[in-house]
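As structure tokens, the structure follows; a few thoughts come after it.
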Amino acid sequence: MLKKRIIPCLDIANGRTVKGINFVDLIDAGDPIELAQKYVEQGADELVFLDIAATIENRGTLVELVKQIAKEINIPFTVGGGINSVSDVSKIINAGADKISVNSSAVKNPKLISDIAQEFGNQCVVVAIDTKLIGDTWKVFVHGGRTETPLKTLDWAKEIETLGAGEILLTSMNNDGTKAGFALDITKQVSELVNIPVIASGGAGTKEHFIEVFEQTKATGALAASIFHYGEIPIPELKQYLREQIINVRITN
Amino acid sequence: MIAIIKYNAGNVTSVQNAISNLGYESIITDDPALIRAADKVIFPGVGEASTAMNYLKERELDALIKSLQQPTLGICLGLQLMCKYSEEGDTTCLGIFDTPVKRFPENDIVPHMGWNNFSSAQSPIFKDVDLNNDVYYVHSYYAEINEHTIATCDYILPFGTAFQKDNFYAMQFHPEKSATVGYHLLKNFLEL
């Protein structure tokens, strides 16, 4: 049986892992390679590296860091941040990443999704959606959560599936950094709307939050950062707990 | 020397990294002489079947791969191209394994992406591998089970996840991305 994935996310700025609350107030959270290796040993199912400084400072993602990561770890990983073209993707994939994620650049130019899918396959295209509840509508935000777009999250999710996205990484800005749990309503709606994998992100604070998101939505993966970085919930303990609650996860022997 | 066949099919860096981490030297090449002379050949690949087959044909790598005598391992798209035919792009493939490759019905999420288990049959490639471990999959097309299937997996329906015929081996999952168990399988192949 296919297992639910537990995915630590490493936000990268200037070669270091950082973590902020609601996308601002960044603090240092360690060396990305060391953290990545630790997570692999602990049984993480995939890793996501987001170069959060890339869009802001208008520079490409750190290809050298990707090469190093690819040499050190033997599970799949996604790289995102500042990817604006097929040529950016080519550099990251050739450096050894398995998937790339696009966000602002895909909103600006949706054709980028189909262009990447055509060149490298759908499986390699993760579209990240940063979403926030405005009134009673979940809207899409770009530029690290600083800019609201006219797009409704559900419309955008359907559109990117049609364009050839292989996966959706859905982050609720209302929940991110709060440790109050995943945004179950929008995660449920998106994961029931599309037929590609949806990764829930933003708000994980307890082991129960993972049970909630896997039981109440069709998300096939859950992503978190700070609870793993600071060892608040060790991955083996989380997975053991999930398995006891009859959520199918990979346990490494 | 291990030859990794170079063609326009995605990320082969991780395959080379894995082989290097296991202590073997490899070369990524489309040079027929180097491929023929290699101790083992790996035919990796992520991408679209018809584009990949066209690329192989243009360089006459299709006939070369079929004629190889040394242990040869297809991974993911490599496995699918070693089959007879793929629905992806209506593609005639190499025909090493006499079985078709079909698209998963949309009864569940496609692609099949993530960690899933497999069942084993007798093959040296599974030597001492603990079958309780999961391996990493990402694919939208699957190979039908046939007499050369040495392991199956179940997602939406049962499909062939590993094949062996003579010197040809193939895996649908990504051993190079499947943590310890994946490295174990690759090591078994490299030690054949």
Side-chain angles (χ1 to χ4, degrees), chain A residues 1-7 40-46 66-77 89-90 92-100 117-126 161 165-168 191-192 194-199 218-221 248-253, chain B residues 8-18 20-22 28 45-49 51-52 76-77 88 104-118 129-141 153-156 173-184 186:
Chain A
M1 183 178 275
L2 185 64
K3 310 302 186 290
K4 300 289 187 184
R5 289 173 286 161
I6 300 298
I7 307 174
V40 174
E41 284 162 23
Q42 290 185 341
D45 297 309
E46 280 189 47
V66 176
K67 280 187 190 164
Q68 237 180 311
I69 294 163
K71 279 190 185 141
E72 300 292 340
I73 71 167
N74 55 10
I75 61 168
F77 69 97
V89 175
S90 178
I92 301 287
I93 296 292
N94 288 330
D98 300 284
K99 311 176 194 177
I100 55 82
Q118 194 153 22
E119 186 81 18
F120 302 96
N122 304 50
Q123 82 294 326
C124 129
V125 193
V126 181
E161 179 186 32
E167 198 164 25
I168 293 174
S191 61
E192 286 177 357
V194 298
N195 202 39
I196 53 177
V198 173
I199 299 167
K218 284 181 75 185
T220 56
N248 240 304
V249 288
R250 179 177 71 109
I251 303 284
T252 45
N253 296 313
Chain B
N8 64 335
N11 174 15
V12 296
T13 317
S14 52
V15 174
Q16 189 168 39
N17 283 337
S20 161
N21 288 339
L22 288 166
I28 300 172
V46 166
E48 200 276 329
T51 316
C76 195
L77 181 64
E88 188 177 30
F104 279 118
E106 305 266 333
N107 306 349
D108 202 341
I109 292 165
V110 178
H112 174 216
M113 182 187 285
W115 297 80
N116 205 336
N117 51 311
F118 54 92
V129 170
D130 183 342
L131 296 175
N132 292 316
N133 280 301
D134 295 300
V135 289
Y136 187 80
Y137 289 89
V138 50
H139 59 126
S140 300
Y141 293 78
C153 177
D154 200 335
Y155 183 73
I156 301 179
F173 51 87
H174 286 272
E176 76 281 12
K177 287 289 167 182
S178 295
T180 314
V181 65
Y183 270 40
H184 192 140
L186 274 179

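The sequence lines fix the lettering, A, B, ..., with proteins before strands; numbering per chain opens at 1.
Looking at B:Tyr137, there are no atoms closer than 4.5 Å to chain A (heavy atoms on both sides), in backbone or side chain. Proximity to chain A (any heavy atom under 4.5 Å) is restricted, for B:His112, to the side chain, taken from C-beta onward. Neither the backbone nor the side chain of A:Ser90 comes within contact range of chain B, judged by heavy atoms closer than 4.5 Å. Contact annotation for B:Asn17: only side-chain heavy atoms (C-beta onward) come within less than 4.5 Å of a heavy atom of chain A. Heavy atoms closer than 4.5 Å to chain B are found in the side chain of A:Arg5, but not in its backbone. Proximity to chain A is absent for every atom of B:Ala18, based on heavy atoms less than 4.5 angstrom apart.
Around atom CD of A:Glu72, more than 12 heavy atoms belonging to other residues, nucleotides or ligands sit under 6.0 Å away.
Using a 4.5 Å heavy-atom threshold, the side chains of A:Thr252 and B:Thr180 count as separate. Looking at heavy atoms from C-beta onward, A:Ile75 lies in side-chain contact with B:Trp115 at the 4.5 angstrom threshold. Between B:Met113 and A:Leu2 the shortest side-chain heavy-atom distance does not fall below 4.5 Å.
Listed for the B:Thr13 side chain is no donor-acceptor partner under 3.5 Å among the backbone atoms of A:Ala95. Without hydrogens or angle criteria, B:Asn117 side chain to A:Met1 main chain gives a donor-acceptor distance under 3.5 Å. Judged purely by atom type and a 3.5 angstrom limit, A:Asn74 has no side-chain atom pairing as donor or acceptor with the backbone of B:Ser178.
One distance of note links CG of B:Asp134 with CZ of A:Arg250; it measures 7.0 Å at 0.5 Å rounding. With rounding to the nearest 0.5 Å, the separation of CG in A:Asn195 from CG in B:Asp108 is 7.0 Å. Rounding to the nearest 0.5 Å gives a distance of 13.5 Å between CD1 of A:Ile69 and OG of B:Ser14. B:Glu48 CD to A:Glu119 CD: the interatomic distance, rounded to the nearest 0.5 Å, is 12.0 Å.
With respect to chain B, the highest number of heavy-atom pairs below 4.5 Å among A:Ser191, A:Pro76, A:Ala70 belongs to A:Pro76. Top candidate by heavy-atom pairs under 4.5 Å with chain B, chosen from A:Ala117, A:Pro197, A:Gly121, is A:Pro197. With chain B as the partner, the residue from A:Lys67, A:Lys71, A:Lys4 showing the most heavy-atom pairs under 4.5 Å is A:Lys71.
Here the closest heavy-atom approach between residue B:Val110 and residue A:Ile196 is recorded as O-CG2, 3.6 Å.
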